[in-house]
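Below is one structure; the comments refer to it alone.
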4 protein chains.
Amino acid sequence: MILKFLDLDSQKQNRILNAAMKEFAQKGYKNASTNEIVKEAGISKGLLFHYFAKKKDLFLYLYDYSLEIFTIEFFQRIDLVEKDIFKRIRQMALLKIDLIKKHPELYNFLYKAIIEDTPEVKEDLEQKNKQLLTNGYAKIFRDIEVKKFKETIDTDKVINIVIWTIEGFSNQILEKIKSQYPNELHYEKISKELDVYLKFLESAFYK
Amino acid sequence: MILKFLDLDSQKQNRILNAAMKEFAQKGYKNASTNEIVKEAGISKGLLFHYFAKKKDLFLYLYDYSLEIFTIEFFQRIDLVEKDIFKRIRQMALLKIDLIKKHPELYNFLYKAIIEDTPEVKEDLEQKNKQLLTNGYAKIFRDIEVKKFKETIDTDKVINIVIWTIEGFSNQILEKIKSQYPNELHYEKISKELDVYLKFLESAFYK
Amino acid sequence: MILKFLDLDSQKQNRILNAAMKEFAQKGYKNASTNEIVKEAGISKGLLFHYFAKKKDLFLYLYDYSLEIFTIEFFQRIDLVEKDIFKRIRQMALLKIDLIKKHPELYNFLYKAIIEDTPEVKEDLEQKNKQLLTNGYAKIFRDIEVKKFKETIDTDKVINIVIWTIEGFSNQILEKIKSQYPNELHYEKISKELDVYLKFLESAFYK
Amino acid sequence: MILKFLDLDSQKQNRILNAAMKEFAQKGYKNASTNEIVKEAGISKGLLFHYFAKKKDLFLYLYDYSLEIFTIEFFQRIDLVEKDIFKRIRQMALLKIDLIKKHPELYNFLYKAIIEDTPEVKEDLEQKNKQLLTNGYAKIFRDIEVKKFKETIDTDKVINIVIWTIEGFSNQILEKIKSQYPNELHYEKISKELDVYLKFLESAFYK
DNA sequence: CATGAATGAGCGTTCATTCAT
DNA sequence: AATGAATGAACGCTCATTCAT
């Protein structure tokens, strides 16, 4: 059934995917209306269900689809040879921001999907996420170089501080991207501000 | 209309408020059922709409109500005489955890309300939150003692790092409260772990 | 829920029951439209589901309801003291025809319900019917007087012939009631024609 | 349009007819799915509607088709030279059972079609059946030999009793075929039991 | 003040039928 | 001839909101 969808010309595919992602991102799974989706996509109600038997199928397909695009591009571009945590995390944060700028709809959809709690889809999402997290995040910090840290330091806690700081910083940026002055945000400037934070932390925790 | 509600004997008021908060927290705005609320509160459908003309009114009233309780208690108990950021933030984090333990229903409701996505109420919530953030958070750190910081340091950024770290830590705790081992979490232990993080940061940023 | 329905003033109850029976009888369970039912009953869509949570509940309620009316009146009026099969069956046939004339909608509904094969309701109906048949039909012929039959005769087969003849006769009458000349059918005339059949059979099988 | 269908190679015709009869017999007119039919027949949706403009056309064509096969074979094999009603009816009953065994799909389809209630096709079917009954059944008993009956007897009524008995008997057999012990039913045994009934009636009504 | 019967727009889903290819 | 993508009306059902009592 989804195979039929994949045979469509990609323009129409995208119209449907974008309409659906937008609706789900805006209203969450349950409140999202298939009526709105087809209206926005410019197709008939019947056609949507010709491709996706159920609303849930559409939602989970979108989740897989957008996650795949994100993760594939992420892992292609991340340099895992770099073992220094500050350099590694610097890369990741900038890459993340770049990906979001490049695919804002995907990001909005995913962001919302991750906190989705409608019972109908929650379990399926959690299953998918469990794999993701064990495959993903953990792996990324497994091979970090530890010897540069001050000896007295509890490494796990330091890594947490670094991650939380970078998350806080990213969210601040994203908040600006979303709401207010998206155009004022230049890669250069973000990159520089990020460096300030990382320098702080580096000088604090490295020998 | 809501004035009528405030004239009710407070026992009935509470039955209604609790029933509604529980339902909204569990299912989100749109999926929350007024039928369930009146059933749980032991009142008739008509009566609910006698006090709150629309579901939205009830929801927004609950939001104001629970936020007010939280903020009032928060500002009553926080010691603004303490100017040391680490001591101040330590207080705040522990106070927050304490408030959540004391009013879990309010917290659950607020937590869910903040990420509410239903277009009908989203805008109203964002408006309220904007005020809150500019009135609240910022104010708290305005009068922080700056002279203990190393001179080379950009104070605003340091404050951010501290806040983000504490937020990350709190979320980690709350995650554990919600899902896994709520009983293993003793105030003592949390307090100690928090201190470890704060010591790190203090030794990094103070002279 | 159905309790609410039973509290309605009986005029409205009947409007709903009749509309529903008519629709189910005409189109069968699956094809019957709740839209048509509410239109015919002059109520809103919501109200129907206020009384009967599901279409199936409405259908099964109607089945119980109409069956009960039929069986109660049937067993009240049948004279089980009469042991002669021909007299007994004469009574029954005339009683049946009388009941159908009195409650034609109930009969049409039941007649159709009995041959209903929609999987959703088939099993429930069969369960109900199993009880009915073992309680009903069998019981009626259990205590028939056998000694008047010619000795050479297989009594079970004779009873079958009598039953089938009476069924055939009844159906012929009902066919006329339904389609063509319902007014020409007077109880007297039917009764006389029935007697002719029974006399035939009596003279054939009795000593 | 149907002419086009008749030009098809007969293998494909049969695939379509069988698929459609099976689906209609199983689910009734309205619930039968054209999707299932084309899937089972191995043709495309479009093609079905190329041959039969509407579902209804297909259904009515099937009805005519299967009825014709039955009636033609029936009248070919029935011996209208035999004027004795008991011998004639014996033939007919056994022939009927034989035909059903030979063309069970046709029979199942027809059996279901006859009690079809969907308003869309009900009227058309009734029209066809009216012709059938006046052309068919009546004709068969028109030339029955009457002189062997006891003089006091109303011949029409006797014929009815015989027909109804045989119908009752057949239905009993078919009930068994369908539900319970289809393998226990041997032609021999059925034939003998039928004879018992006919002997009864013969001895009762013949001089 | 308090009830709960009543409304009707909206939901996700199905399916015979059409039509461009 | 043959395909199957595309349509849209209809389905059973839900639920915030209204209103007569």
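Numbers restart at 1 for each chain; the letters A, B, ... are given by sequence-line order, proteins then strands.
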*Taking the inter-plane angle between the rings of Tyr61(B) and Tyr65(B) on a 0 to 90° scale, is it parallel (under 30°), tilted (30 to 60°) or perpendicular (over 60°)?*
parallel
*asked:* Which nucleotide, if any, forms a Watson-Crick or G-U wobble pair with dT21(E), using both distances under 3.5 Å?
replied: dA2(F)
*Does Lys30(B) come within less than 4.0 Å of Asp117(B), counting only side-chain N to carboxylate O?*
no
_From CD1 of Ile37(D) over to C1' of dT17(E), roughly how many Å is that when rounded to an integer?_
14 Å
*Among the nucleotides dG4(F), dT7(E), dC11(E), which one has an atom lying closest to any side-chain atom of Ser44(C)?*
dT7(E)
*May I ask you to say what Tyr29(D) touches in the nucleic acid, namely base, sugar-phosphate or nothing, with a heavy-atom cut-off under 4.0 Å?*
nothing
*Go through the N and O atoms of the side chain of Lys55(D) and the base of dT17(E), and report whether any donor-acceptor pair is under 3.5 Å.*
no
*For Lys12(D), report the nucleic acid contact type (base, sugar-phosphate, nothing); a contact means any heavy atom under 4.0 Å.*
sugar-phosphate
*Does the base of dT7(F) carry an N or O that pairs as donor and acceptor with the side chain of Lys45(A) under 3.5 Å?*
no
_Nucleotide of dA2(E), dT17(E), dA5(E) approaching His50(C) most closely (side-chain heavy atoms)_ = dA5(E)
*asked:* Return whichever of Leu48(A) or Leu48(D) has its heavy-atom-nearest nucleotide of DNA chain F closer to the 5' end.
replied: Leu48(D)
_Could you check whether Lys112(C) pairs with Glu116(C) (Lys NZ or Arg NE/NH1/NH2 to Asp/Glu carboxylate O, under 4.0 Å)?_
no
